[in-house]
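Inspection log for the structure reproduced underneath, given as structure tokens.
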Amino acid sequence: MYRSVLSIFMFLTLQPIGASAATAEVSERELRETIDRLVGFGTRHTLSDTKSETRGIGAARRYGAARFAEFSKSCGGCLVVEAPSSMMTSPRVPVPAEIVDVLAIQRGTSDPDRVVIISAHIDSRNSDVMDNSGDAPGANDDGSGSAAVIEAARVLSRQKFPATIVYALLSGEEQGLLGGKLLAETAKTKSWRVEAVLNNDIVGNSGGSSGTRDDRTVRVFSEGTKATETPEQAGRRRYNGGEVDSPARNLSRFIAGLEGKSGLRVEQVYRTDRFGRGGDQVPMLAAGFPSVRITERQENYDRQHQNVRTENGRKFGDTVDGVDFPYLAKVTRLNIAALAALAGAPAPPSGVIVEGAVTPDTKLSWKPVAGAKSYRVWWRPTTAATWTTSRDVPGDTTSIVLPGIDIDTWFFGVSAVSADGLSSPVVYPGPAGAFFAEPAAPTG
């Protein structure tokens, strides 16, 4: 069965059972209370006080852990709260300091080693990145992302999913993406098969420095080619294609397909991050984990990395009055819809291969996926930004020949579909599009 663009859109906006109710449970009041508490710690600078119960990064981290523990108690212990730590240095941490992430792990019911992550950094900063004592409210950067993570845990911990969901509050982002590096190390140590990372950084403001206001759009940034690509893989990709089909890019397309569930338009940006800037998704990508950055459409630079002050009637500083809570609620709903869809669907297929040189037909094959009732084979013109056509294949089949669809003119992909119609992201063939690292071929 072939699918039109309209039917594809209808398919992509399907959700897991209960996901609509979950997005409806997002509370602006909860988001505001979380940000008020975070701002109330005065500063959350990574090198600030770790012992005080009322001020500094330590108090903020303990607050996040306490909220996760509260949710876990309500769901009968469904969340395991952990605080991995490491002594780290960077140009902004000249003396070794303990970097601590706060994680809530909601273990999957049938595919627990497959992990989807929502992350944000809990630390804040002033104009001087080394100022660890002055007030640094960090309401939007990144109190907004932290509030979205905590709210996602509150809402989704009431449901069960095949895959594991990890809610991550990271430290040390402003000091060199240290929390993201620690999260990547933690994922590797635990042997997580990370399918997706949704990094939320600066997601609560709708009014930009230009004076433009946009509370209807959110940006999703995704890398084009894998950070882990080998020279051999790069050569094959340059010749045969795949520059716009990394797993992060197809994760971005997946999220865009869910935009109708949040009241937001998803603007996909084909960059790893904003020009010349970075976030905690970068070390996750460097570790080989598909990751995107979610960020508001209009940034106000007077409210980022600025001491709170007024100069010639112009206000600076990242304070609560700069957060648009109805907008933040919509961004949070998008995250929840994406997490539920990813964790509720089967895993993306692995071992996807495309063949068909010097023939009028194209053959695709892949490895079987646990929980897949069927598969969906996709193709699109090489100049198209999104997938345009698809065909369904029964779940007991792991290959298909597309008669008259030549390999030269199209890009191809495969997704796995559950019995209730939930689809994984599309996987582009070969190493360029693989979501999970393939085992090395035997030698000798």
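The chain is numbered in sequence order, starting from 1. Predicted model only: the values in this text are computed from it and were never measured. Heavy atoms only: backbone and side chains are in, while hydrogens, waters and symmetry mates are out.
Ionic pairing of R376 and D392 is present here: one or more N-O contacts between side-chain nitrogen and carboxylate oxygen are shorter than 4.0 angstrom. No salt bridge links R37 with E33; every basic N to acidic carboxylate O contact stays at or beyond 4.0 Å.
With S291 contributing its side chain and F289 its backbone, the two residues share a donor-acceptor pair below 3.5 Å. Distance alone, capped at 3.5 Å, places no donor-acceptor pair between the S365 side chain and the S399 backbone. Between the side chain of S252 and the main chain of A248, no donor-acceptor pair closer than 3.5 Å is present. For the pair Q106 (side chain) and L79 (backbone), a donor-acceptor distance under 3.5 Å is absent. The main-chain N or O of R92 is found under 3.5 Å from a side-chain atom of Q175 such that the two form a donor-acceptor pair. The backbone N or O of P112 sits less than 3.5 Å from a side-chain atom of T164, completing a donor-acceptor pair. R67 places no side-chain N or O within 3.5 Å of a backbone atom of I150 that could act as its donor or acceptor partner. Remark: side-chain polar atoms of T362 are paired, donor with acceptor, to backbone N or O of I405 under 3.5 angstrom.
Side-chain polar atoms of T295 and R293 form a donor-acceptor pair below 3.5 angstrom. For the residue pair D141 / H121, a side-chain donor-acceptor distance below 3.5 Å is found, with atom types taken as modelled. If you check the side chains of E223 and S246, you find no donor sitting under 3.5 Å from an acceptor. Side chains of T359 and D361: no donor on one and acceptor on the other come within 3.5 Å.
Ring-plane geometry between F68 and Y167 is classed as tilted, the angle between the planes lying from 30 to 60 degrees on a 0 to 90 degree scale.
Interatomic distance, CG of L198 versus OG of S119, reported as 7.5 Å (0.5 Å rounding).
Under a cut-off of 6.0 angstrom, the local environment of CZ in R236 is sparse, with at most 12 non-hydrogen atoms contributed by other residues, nucleotides or ligands. Environment of CZ in R274: crowded, with over 12 heavy atoms of neighbouring residues, nucleotides or ligands closer than 6.0 Å.
The side chain to side chain contact (heavy atoms under 4.5 Å, CB included) test with V414 singles out one residue from T398, V369, V393, V352, and that residue is V352.
Figure legend: cation-pi geometry between R249 and Y270, with NZ or CZ positioned under 6.0 Å from the six-membered ring centre and within 45° of its axis.
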